[in-house]
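Bear in mind the structure is a predicted one, so any value in this text is a computation, not a measurement.
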Amino acid sequence: PEQGYWVRVLSAVFFGVLAIALALLAPVTTTRMRDGLADEWAIAFGLGLLWLVGLPILIVLVAITIVGLPIAFLLLLLWPLGMVFGLVATLAAFGDFISRRIGEFGQGTLGRIVGIVLATALIWLGISIPILGALVWLAAVAGGIGLLYLGFRTQPL
């Protein structure tokens, strides 16, 4: 159906715009995430997978007590936020990675934007592939969650 296709295109544009905002507002963090994507991708993916799997388990454990219910509710809100920001972080880091590879045109603000647009298109195409798209989405989101940690940390692992 055409409507579903356009919704997916609009969501890709939305996530791309958020990634551009992240790259422009936090260029040092984006550079750290790019370096993490190149050098520590396994750590980033592992941390993100730990978040995606471990947070629901933690929510259930915390929700067992009456006192823990409000905390569990707040933790429940963090899970979808992690997915959104994980995808945005992947787009920003991958876009910065691409912009560094396209030569002189990839330098500066315009180069970052072009890189993020290309990264968004590539990841959107990957997610659109039947069956394999779910794995691309999982890798993008989990890797992005881990890249957020790598980008905001101050000390190396």
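The nearest pair of heavy atoms linking Ala119 to Gly95 is CB-N, 3.6 Å. Taking both residues in full, the closest heavy atoms of Leu52 and Met83 are given as CD2-CG, 3.9 Å, listed atom of the first, atom of the second, then distance. Summarising the geometry of Gly144 relative to Ala89, their closest heavy-atom pair is O-CB, 3.5 Å, with the distance given to 0.1 Å.
Judged purely by atom type and a 3.5 angstrom limit, Trp41 has no side-chain atom pairing as donor or acceptor with the backbone of Gly36.
Residues Leu69 and Phe73 are not in side-chain contact: their nearest non-hydrogen atoms beyond the backbone lie 4.5 Å or more apart. Trp137 has its side chain out of reach of Ile123: every pair of non-hydrogen atoms, C-beta onward, lies at least 4.5 Å apart. Side-chain contact check for Thr120 versus Val117: every heavy-atom pair is 4.5 Å or farther apart. Between Leu75 and Leu58, the closest side-chain pair of non-hydrogen atoms falls below 4.5 Å. The shortest distance between side-chain heavy atoms of Leu37 and Asp96 does not fall below 4.5 Å. Arg34 is not listed as a side-chain neighbour of Ser99, based on a closest heavy-atom distance of 4.5 Å or more. Side-chain contact check for Ile43 versus Tyr149: every heavy-atom pair is 4.5 Å or farther apart.
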task: In sequence, state the C-alpha distance, the side-chain angles, and the governing distance for Met33 and Leu148, and then conclude on side chain to side chain contact (heavy atoms under 4.5 Å, CB included).
output: CA-CA 7 Å; Met33 290 188 310; Leu148 283 171; 4.0 Å; yes

message: Evaluate Leu138 against Leu49 for side chain to side chain contact (heavy atoms under 4.5 Å, CB included), listing each step before the verdict.
response: CA-CA 9 Å; Leu138 176 66; Leu49 203 55; 4.2 Å; yes

task: List the steps, then state whether side chain to side chain contact (heavy atoms under 4.5 Å, CB included) holds for Trp124 with Val9.
output: CA-CA 8 Å; Trp124 176 70; Val9 169; 3.5 Å; yes

message: Go through it in stages, so that I can follow the logic: the residues are Val114 and Ile102, the test is side chain to side chain contact (heavy atoms under 4.5 Å, CB included), and I'd like the CA-CA distance, side-chain angles, deciding distance and then a yes or no.
response: CA-CA 10 Å; Val114 168; Ile102 57 177; 4.1 Å; yes

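In the hydrophobic clustering of ILVMFWY residues, with side-chain heavy atoms under 4.5 Å counting as a link, Leu22 and Leu81 come out together. Residues Leu18 and Leu122 share a hydrophobic cluster, clusters being chains of Ile/Leu/Val/Met/Phe/Trp/Tyr side chains in contact below 4.5 Å. The same ILVMFWY cluster, assembled from side-chain heavy atoms under 4.5 Å apart, contains both Ile127 and Ile98. Under a hydrophobic clustering in which Ile, Leu, Val, Met, Phe, Trp and Tyr are joined whenever their side-chain heavy atoms come within less than 4.5 Å, directly or via other members, Val84 and Phe94 fall into the same cluster. Linking Ile, Leu, Val, Met, Phe, Trp and Tyr whenever their side-chain heavy atoms come within less than 4.5 Å puts Trp79 and Leu47 in one cluster.
Phe14 contributes atom CZ, which lies 10.5 Å from atom CG of Leu87 (distance to the nearest 0.5 angstrom). Note that CZ of Arg32 is 13.0 Å distant from CG of Leu147, once rounded to the nearest 0.5 Å. Atom CD1 of residue Ile20 and atom CD1 of residue Ile116 lie 5.5 Å apart, to the nearest 0.5 angstrom. Considering CG of Asp35 and OG1 of Thr30, their distance stands at 11.0 Å, rounded to 0.5 Å.
Atom CD1 of Ile66 is surrounded by 12 or fewer heavy atoms from other residues, nucleotides or ligands within 6.0 Å.
Geometrically, Arg100 does not engage Phe97 in a cation-pi contact, judged by NZ or CZ lying under 6.0 Å from the ring centre and within 45° of the ring axis.
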